[in-house]
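By convention here, the first residue in the shown sequence is residue 1.
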Amino acid sequence: MLEEVERWLIERSWSVADRPLHRILAAKRASGQTVSVVLPALNEEATVGDIVSVIRHDLVHQVPLVDEVVVIDSGSTDRTSEAAAAAGARVVHRDVILPRIPAVPGKGEVLWRSLLVTRGDIVCFVDADLRDFSSDFVTGIVGPLLTDPHLQLVKAMYDRPLTQADGSTGAGAGQGGRVTELMARPLLNMHWPQLAGFVQPLGGEYAARRGLLERLPFPVGYGVELGMLVDALHLVGLDALAQVDVGVRKHRHQDGQALGRMAAAIYRTAQLRLARAHLLRPSLTQFERAGDAFEPRTYSVDTEERPPMADIAEYQARRVA
């Protein structure tokens, strides 16, 4: 590990307990900064309402830390929107944001569009499939940005037990984050060793200053977290990035083939940043058993990226207004 990273781990890796809530609130009052929490959601009826309820109870009603909670529904076919609205979130459908640019499927697409319908100086992203959610996920990553004006982006770090379908933790405990270990961590260590200290580089819980987010391109799919880290490193430098231990993250795990597609998108994101080259064939073929044979299934790999939001005319007009 680089000496620079060893130093960074000491100076920029914290626990949620390092910043008591009263200190965070005092910093917010003194700075006048506002905080938006964004939950990108696709068919998360079972969990999104509980997450919104916890955030609003702990960080809106009990203490005035969060100024708005926004759920961006990216095309759910269940009652995700209804559950989120009933819990008190403002729900916005992905397709009504910036309608002149047709939306494409993908998490990064939703995060990019969320910048147009939120107002916070600090934007905090939280995945909508978390179980046993704690508001520490929000205070942990927002706190350093409110208390340290030099920081630009803070990611959560946590244990990720590999839970079973019934919610129990079996023999696979501690094996969560398989794409991180098999794809993202090797890529970062080999090509961007300054980022080797991030425990959860692909984690969906992170907060950043709007001024940084609006300057970043957003890969439309699963590569958004890796792309954001790499681009932020080049824009603001390692010392403007940090991570905070918030405990344990429990969520729904995907099957191996879905993880393969995720890994392909992440590799593509890394490749673009290494050479800005073009894949000869931006697709991934996987195999599924059908009777006595294996049938191929070919999926396209996300290759599109959205430009920095600061370049979008509608966003520029909103800032002037």
Side-chain angles (χ1 to χ4, degrees), residues 28 31-42 48 51-52 55 59 65-75 81 84 89-128 137-138 141-142 145-146 151-156 202-236 240-241 269 302 304-321:
K28 183 177 190 291
S31 67
Q33 296 178 92
T34 53
V35 177
S36 299
V37 176
V38 173
L39 283 75
L42 176 63
V48 67
I51 298 172
V52 170
I55 294 172
L59 305 178
L65 180 65
V66 170
D67 297 281
E68 60 177 350
V69 181
V70 182
V71 171
I72 311 293
D73 190 328
S74 58
S81 290
R90 177 161 61 93
V91 180
V92 185
H93 196 282
R94 172 201 63 198
D95 295 347
V96 305
I97 307 170
L98 199 60
R100 74 172 175 86
I101 300 178
V104 298
K107 180 183 180 183
E109 177 82 354
V110 175
L111 301 184
W112 181 71
R113 290 176 185 264
S114 75
L115 297 181
L116 261 169
V117 294
T118 54
R119 292 284 182 176
D121 302 304
I122 294 170
V123 183
C124 173
F125 298 117
V126 176
D127 281 350
F137 274 77
V138 175
I141 55 181
V142 168
L145 292 168
L146 288 170
L151 291 175
Q152 293 288 321
L153 184 150
V154 181
K155 289 197 70 101
L202 300 185
E205 289 70 47
Y206 48 97
R209 299 193 189 280
R210 178 174 294 272
L212 171 63
L213 293 172
E214 65 187 15
R215 290 188 289 154
L216 295 175
F218 277 62
V220 298
Y222 286 124
V224 63
E225 274 85 23
L226 183 133
M228 191 175 293
L229 262 188
V230 171
D231 293 340
L233 174 68
H234 290 298
L235 271 178
V236 298
L241 313 178
T269 300
D302 295 319
E304 189 170 359
E305 295 197 3
R306 295 305 190 188
M309 186 58 78
D311 295 342
I312 300 298
E314 287 88 342
Y315 190 79
Q316 295 171 359
R318 193 190 77 165
R319 294 182 67 182
V320 171

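- Applying the salt bridge (charged side-chain N to carboxylate O under 4.0 Å, His left out) rule to Asp121 yields no partners; only residues at least two apart in sequence or on another chain are considered.
- A donor-acceptor contact shorter than 3.5 Å links the side chain of Arg215 to the backbone of Gly211.
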Margin query: One pair to check against side chain to side chain contact (heavy atoms under 4.5 Å, CB included): Leu98 and Glu314. What are the steps and the verdict?
Written below: CA-CA 8 Å; Leu98 199 60; Glu314 287 88 342; 3.3 Å; yes

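- Ala310 and Tyr315 make their closest contact through CA-CD2, 4.2 Å (heavy atoms, listed as atom of the first residue, atom of the second, distance).
- A 4.5 Å side-chain heavy-atom check between Lys28 and Ile122 finds every atom pair outside the cut-off.
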Check: Can you list the steps and then say if Val70 with Ser36 is a side chain to side chain contact (heavy atoms under 4.5 Å, CB included)?
Finding: CA-CA 7 Å; Val70 182; Ser36 299; 5.8 Å; no

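- Residues that satisfy the side chain to side chain contact (heavy atoms under 4.5 Å, CB included) test with Pro105, not counting sequence neighbours, are absent from this structure.
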Item checked: Trace of the side chain to side chain contact (heavy atoms under 4.5 Å, CB included) decision for Ile51 with Phe137 -> CA-CA 10 Å; Ile51 298 172; Phe137 274 77; over 6 Å; no

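- Taking every heavy atom of both residues into account, Trp112 and Met309 meet most closely at O-CE, 3.0 Å.
- Sorted by first then second residue, the side-chain hydrogen bond (donor to acceptor under 3.5 Å, both in side chains) pairs that include residues 90-99, not counting sequence neighbours, are Glu68-Arg90.
- You'll find the side chain of Leu146 reaches within 4.5 Å of the side chain of Leu65, heavy atoms only.
- Using a 4.5 Å cut-off on side-chain heavy atoms (C-beta onward), Leu213 and Phe218 make contact.
- Leu116 CG to Ile312 CD1: the interatomic distance, rounded to the nearest 0.5 Å, is 8.0 Å.
- By the salt bridge (charged side-chain N to carboxylate O under 4.0 Å, His left out) test, Lys107 pairs with Asp127, Glu225, sequence neighbours left out.
- Smallest separation of non-hydrogen atoms from Thr118 and Ser114: OG1-O, 2.9 Å.
- What you find for Ala84 and Val52 is that their closest heavy atoms are O-CG1, 4.2 Å.
- Proximity of Arg306 to Val104: side-chain heavy atoms (C-beta onward) are separated by under 4.5 Å at one or more points.
- Contact between Leu151 and Leu145 at its shortest, heavy atoms only, is O-CD2, 3.5 Å.
- Leu153 is listed as a side-chain neighbour of Met228, based on a closest heavy-atom distance under 4.5 Å.
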Next item on the list: Show the numbers, then the answer: is there a side chain to side chain contact (heavy atoms under 4.5 Å, CB included) between Val117 and Ile72?
Entry: CA-CA 9 Å; Val117 294; Ile72 311 293; 3.8 Å; yes

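- Scanning for salt bridge (charged side-chain N to carboxylate O under 4.0 Å, His left out) contacts around Arg113 gives Glu109, with sequence neighbours left out.
- At a threshold of 4.5 Å between non-hydrogen side-chain atoms, the residues Ser81 and Val71 do not count as touching.
- For the residue pair Pro219 and Val224, the shortest heavy atom distance occurs at O-CB, 3.6 Å.
- Under the 4.5 Å side-chain criterion, counting only non-hydrogen atoms from C-beta, Arg318 is not in contact with Leu115.
- At a threshold of 4.5 Å between non-hydrogen side-chain atoms, the residues Lys155 and Leu229 count as touching.
- Applying the salt bridge (Lys or Arg N to Asp or Glu O under 4.0 Å) test to every pair with at least one member in residues 204-213, sequence neighbours left out, gives these pairs: Glu205-Arg249.
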